[in-house]
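A short worksheet on the structure shown next.
Everything numeric in this text was worked out from a predicted model, so none of it was measured. Numbering starts at 1 and runs along the sequence shown.
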Amino acid sequence: QVQLVESGGGLVQPGGSLRLSCAASGSIFSIVAMGWYRQAPGKQRELVAGITSGGSTDYAGSVKGRFTISRDNAKNTVYLQMNSLKPEATAVYSCHADLLFPPLARAHRYWGQGTQVPVSS
């Protein structure tokens with residue numbers, strides 16, 4: 001019933017910029033939060049950035065000042081603007097959405113398929 005579709009990924013050179021988008025569709029009652037994780041080869045998945053329904057944001061320390069997360073509530077879409085990309089940012093970036101489905105009180109997390117972001121010359 002719920003789908004997350006990511007777009008905007010692709011090869012980018014060091015120092016370059018990229019904007020990822022993730023649109024949620026389906027039977028959505030309430031979005032608690034949306035955000036982005038990434039997983040580099042051989043490393044654990046980590047939270048890159050998240051944003052709540054109220055607009056509160058969290059960023060990984062390694063991306064603060066260079067990445068910006070935003071959302072369009074009307075479109076159920078979250079964005080990740082990535083600037084000054086470093087090679088260590090190379091990873092599969094996955095969108096997530098935490099959704100509420102009454103009468104359940106706990107949010108369920110949904111994931112996109114992930115999109116490759118190679119940062120390389």
Side-chain angles (χ1 to χ4, degrees):
Q1 291 183 319
V2 177
Q3 293 182 337
L4 300 180
V5 180
E6 299 150 329
S7 61
L11 178 65
V12 60
Q13 66 181 22
S17 298
L18 205 63
R19 190 194 194 201
L20 304 181
S21 300
C22 175
S25 62
S27 301
I28 299 174
F29 181 81
S30 179
I31 301 177
V32 177
M34 299 184 74
W36 299 87
Y37 279 75
R38 69 184 178 189
Q39 187 166 23
K43 296 184 178 180
Q44 293 185 336
R45 185 172 60 186
E46 65 172 345
L47 176 68
V48 178
I51 185 167
T52 69
S53 60
S56 179
T57 59
D58 287 315
Y59 295 93
S62 60
V63 307
K64 287 183 178 179
R66 298 183 298 109
F67 288 16
T68 302
I69 189 169
S70 61
R71 64 186 296 176
D72 185 332
N73 291 333
K75 297 180 179 180
N76 293 327
T77 299
V78 65
Y79 307 93
L80 184 66
Q81 178 66 47
M82 303 184 293
N83 299 326
S84 301
L85 284 164
K86 302 175 181 179
E88 49 264 41
T90 296
V92 175
Y93 286 72
S94 299
C95 170
H96 72 268
D98 299 333
L99 311 180
L100 285 177
F101 299 94
L104 299 178
R106 295 182 177 181
H108 287 70
R109 175 160 289 182
Y110 291 82
W111 293 91
Q113 291 184 331
T115 183
Q116 291 271 6
V117 180
V119 183
S120 175
S121 299

Notebook entry, point to check: Under a single-linkage rule joining Ile, Leu, Val, Met, Phe, Trp and Tyr whose side-chain heavy atoms are separated by less than 4.5 Å, which residues share a cluster with Leu100?
Noted result: Val32
Note to self: Clusters formed by hydrophobic residues whose side-chain heavy atoms approach within less than 4.5 Å: which one holds Val92, and what are its other members?
What the structure shows: none
Check: So which residues get pulled into Leu104's cluster when ILVMFWY side chains under 4.5 Å apart are joined, directly or through others?
Finding: none
Next item on the list: Please state whether the rings of Phe67 and Tyr93 are parallel, tilted or perpendicular, taking 30° and 60° as the class boundaries.
Entry: tilted
Next item on the list: Verify side chain to side chain contact (heavy atoms under 4.5 Å, CB included) between Arg71 and Ser53, making sure each step is shown before the conclusion.
Entry: CA-CA 9 Å; Arg71 64 186 296 176; Ser53 60; 4.0 Å; yes
Margin query: Are the side chains of Val117 and Met82 in contact, using a 4.5 Å heavy-atom criterion?
Written below: yes
Notebook entry, point to check: More than 12 foreign heavy atoms under 6.0 Å from CD of Gln39: is that the case here?
Noted result: yes
If you look only at distance, which donor and acceptor atoms sit under 3.5 Å apart when one is on a side chain in residues 23-30 and the other is two or more places apart or in another chain?
none

Checklist line | Neighbour count above 12 (heavy atom, 6.0 Å) for Glu46 CD | finding: yes
Margin query: My understanding is that only residues two or more places apart in sequence, or in another chain, count here; which of them pass side-chain contact (heavy atoms from CB on, under 4.5 Å) with Ser70?
Written below: Tyr79
Margin query: Test of understanding: with side-chain contact (heavy atoms from CB on, under 4.5 Å), list the residues that count as partners of Pro87, not counting sequence neighbours.
Written below: Pro14
Next item on the list: Please list, chain by chain and in numerical order, all residues satisfying side-chain contact (heavy atoms from CB on, under 4.5 Å) with Asn83, sequence neighbours excluded.
Entry: Ser17, Gln81
Notebook entry, point to check: Looking only at heavy atoms, what is the nearest atom pair of Leu11 and Ser120, with distance?
Noted result: CD1-O, 4.0 Å
Next item on the list: Evaluate the criterion side chain to side chain contact (heavy atoms under 4.5 Å, CB included) for residue pair Val78 and Cys95; output intermediate values, then yes/no.
Entry: CA-CA 8 Å; Val78 65; Cys95 170; 3.8 Å; yes
Notebook entry, point to check: Which residue pairs pass the disulfide (SG to SG under 2.5 Å) test when at least one of the two sits in residues 23-83, sequence neighbours left out?
Noted result: none
Checklist line | Side-chain (Ser121) to main-chain (Gln13) donor-acceptor, under 3.5 angstrom | finding: no
Item checked: Partners meeting side-chain contact (heavy atoms from CB on, under 4.5 Å) with Ser62 (sequence neighbours left out) -> Arg38, Ala60
Checklist line | Steps toward side chain to side chain contact (heavy atoms under 4.5 Å, CB included) verdict (Trp36, Val63) | finding: CA-CA 12 Å; Trp36 299 87; Val63 307; over 6 Å; no
Check: About how many Å separate OG1 of Thr115 and CG of Leu18, when rounded to the nearest 0.5 Å?
Finding: 8.0 Å
Notebook entry, point to check: Under 3.5 Å, side chain of Thr77 to main-chain N/O of Lys75, donor-acceptor pair present?
Noted result: yes
Next item on the list: Report yes if some heavy atom in the side chain of Tyr59 is under 4.5 Å from a heavy atom in the side chain of Arg66; otherwise report no.
Entry: no
Next item on the list: Could you grab the distance from atom CG of Leu4 to atom CG of Leu99, nearest 0.5 Å is fine?
Entry: 7.0 Å
Item checked: Atom of Ala97, atom of Met34 and distance for their closest heavy-atom approach -> CB-CG, 4.0 Å
Item checked: Residues in salt bridge (charged side-chain N to carboxylate O under 4.0 Å, His left out) contact with Arg109, at least two apart in sequence or another chain -> Asp98
Notebook entry, point to check: Can you list the other members of the hydrophobic cluster that holds Tyr37, where links are side-chain heavy atoms under 4.5 angstrom apart?
Noted result: Leu47, Trp111
Next item on the list: Not counting sequence neighbours, list each pair that qualifies as a disulfide (SG to SG under 2.5 Å) and has a residue in residues 46-87.
Entry: none
